[in-house]
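Inspection log for the structure reproduced underneath, given as structure tokens.
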Amino acid sequence: MRKAIELSKNNILQQGGGPFGAVIVKDGKIIASGVNQVTTSNDPTAHAEVVAIRNACKAIEDFSLQGCIIYTSCEPCPMCLSAIYWARIDRIVFANNRQDAAAIGFDDEFLYQEIPLALEDRTIPVAQMLRDEALETFRLWESDEDKTEY
């Protein structure tokens with residue numbers, strides 16, 4: 001955890017990035033780390049946890065991080081939490097909570113409120129189209145005997 005906090009501090013002081021850092025540990029060793037790169041890379045998905053997950057997957061050459069723990073300087077936002085679940089990380093340990101983040105202007109509460117809403121009630125308009133055409137792709141996937149399941 002101290003390494004994640006140190007990364008978050010250094011990201012502010014040396015990189016001009018946001019106050020977030022994360023490390024991924026497997027078998028007691030750090031296999032990857034990440035810092036918030038949203039403003040430095042102009043990538044809204046480049047949160048510390050997502051960057052750490054990308055780096056860890058490259059390091060172990062696998063899309064599954066089963067058997068790993070993520071230490072992050074702040075409670076993961078909904079996007080990062082989803083990425084952590086998709087990566088199959090075993091455990092999440094965080095320092096600052098989402099209320100601490102909201103107090104300095106990183107308020108993700110509206111995302112937590114949007115997720116359970118019906119599609120038509122969300123802030124960003126959502127529409128479905130061409131489902132029948134798209135289902136053909138799913139049928140191809142389902143019948144592909146050489147696919148890599150995930």
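In this chain, numbering begins with 1 at the start of the sequence shown. Any value given below was found using the heavy atoms of this structure, including those in side chains, with hydrogens, waters and symmetry copies removed.
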Note to self: To check you understand the geometry: which heavy-atom pair defines the closest contact between D108 and P78, and what is its length?
What the structure shows: CB-CD, 4.2 Å
Item checked: salt bridge (charged side-chain N to carboxylate O under 4.0 Å, His left out) contacts touching residues 72-97 (sequence neighbours left out) -> E75-R98
Item checked: Test log, rule salt bridge (Lys or Arg N to Asp or Glu O under 4.0 Å), inputs E142 and R139 -> CA-CA 5 Å; E142 191 174 41; R139 286 190 282 277; over 6 Å; no
Notebook entry, point to check: About how many Å separate CG of L140 and CG of L135, when rounded to the nearest 0.5 Å?
Noted result: 11.0 Å
Notebook entry, point to check: Does E136 reach the side chain of E133, with side-chain heavy atoms less than 4.5 Å apart?
Noted result: no
Margin query: When you compare the side chain of T123 with that of F110, does any pair of heavy atoms fall below 4.5 Å?
Written below: no
Notebook entry, point to check: Atom CG in L119, atom CD in Q128: separation rounded to 0.5 Å?
Noted result: 8.5 Å
Next item on the list: Identify the two heavy atoms, one from V51 and one from G34, that lie closest to each other, and give their separation to 0.1 Å.
Entry: CG1-CA, 3.8 Å
Note to self: Using a 3.5 Å distance criterion without hydrogens, assess whether the side chain of N55 forms a donor-acceptor pair with backbone atoms of S33.
What the structure shows: yes
Next item on the list: State the CD-NE2 distance between Q37 and H47, to the nearest 0.5 angstrom.
Entry: 11.5 Å
Next item on the list: Without swapping roles, check the side chain of S8 against the backbone of S73 for a donor-acceptor pair under 3.5 Å.
Entry: no
Check: Quick one: CD1 on I12 to CG on L7, what's the gap to the nearest 0.5 Å?
Finding: 11.5 Å
Notebook entry, point to check: Would the number of heavy atoms belonging to other residues, nucleotides or ligands and lying under 6.0 Å from NZ of K26 be above 12?
Noted result: yes
Note to self: If hydrophobic clusters are built by linking Ile, Leu, Val, Met, Phe, Trp and Tyr wherever their side-chain heavy atoms come under 4.5 Å apart, do L65 and M79 end up in the same one?
What the structure shows: no
Check: For C74 and N97, which heavy atoms make the closest approach, and how far apart are they?
Finding: SG-O, 3.8 Å
Checklist line | Shortest non-hydrogen separation from D43 to R54 and the atoms involved | finding: OD2-NH1, 3.8 Å
Margin query: Quick one, L111 with Q113, criterion side-chain contact (heavy atoms from CB on, under 4.5 Å). Give me CA distance, side-chain angles, the key distance, then yes/no.
Written below: CA-CA 5 Å; L111 292 173; Q113 293 172 5; over 6 Å; no
Notebook entry, point to check: Heavy-atom distance under 4.5 Å between the side chains of F106 and F20, does that happen here?
Noted result: yes
Check: Does some side-chain heavy atom of I30 sit less than 4.5 Å from a side-chain heavy atom of I24?
Finding: no
Check: Which heavy atom of I53 sits nearest a heavy atom of I89, and at what distance?
Finding: CG1-CD1, 4.0 Å
Item checked: Flag side-chain contact, heavy atom, 4.5 Å: N10 against E6 -> yes
Check: Are side-chain heavy atoms of K147 and W141 found at a separation under 4.5 Å?
Finding: yes
Next item on the list: Could you give me the CA-CA distance, side-chain angles and deciding distance for C80 and V50, then say whether side-chain contact (heavy atoms from CB on, under 4.5 Å) is met?
Entry: CA-CA 6 Å; C80 293; V50 172; 4.0 Å; yes
Notebook entry, point to check: Are N36 and P19 side-chain neighbours, meaning at least one heavy-atom pair lies under 4.5 Å?
Noted result: no
Margin query: For residues I92 and M1: do they belong to one hydrophobic cluster (side chain heavy atoms under 4.5 Å, members Ile, Leu, Val, Met, Phe, Trp, Tyr)?
Written below: no
Margin query: Is the shortest side-chain heavy-atom distance between C68 and I31 below 4.5 Å?
Written below: yes
Next item on the list: Output, in order, the C-alpha distance, side-chain angles, deciding distance and verdict of side-chain contact (heavy atoms from CB on, under 4.5 Å) for T72 and V93.
Entry: CA-CA 6 Å; T72 181; V93 182; over 6 Å; no
Check: Which atom pair, heavy atoms only, marks the closest approach of A95 to I5?
Finding: CB-CD1, 4.2 Å
Note to self: side-chain contact (heavy atoms from CB on, under 4.5 Å) for T148 and F63? Distances and angles first, verdict last.
What the structure shows: CA-CA 11 Å; T148 301; F63 57 83; 3.9 Å; yes
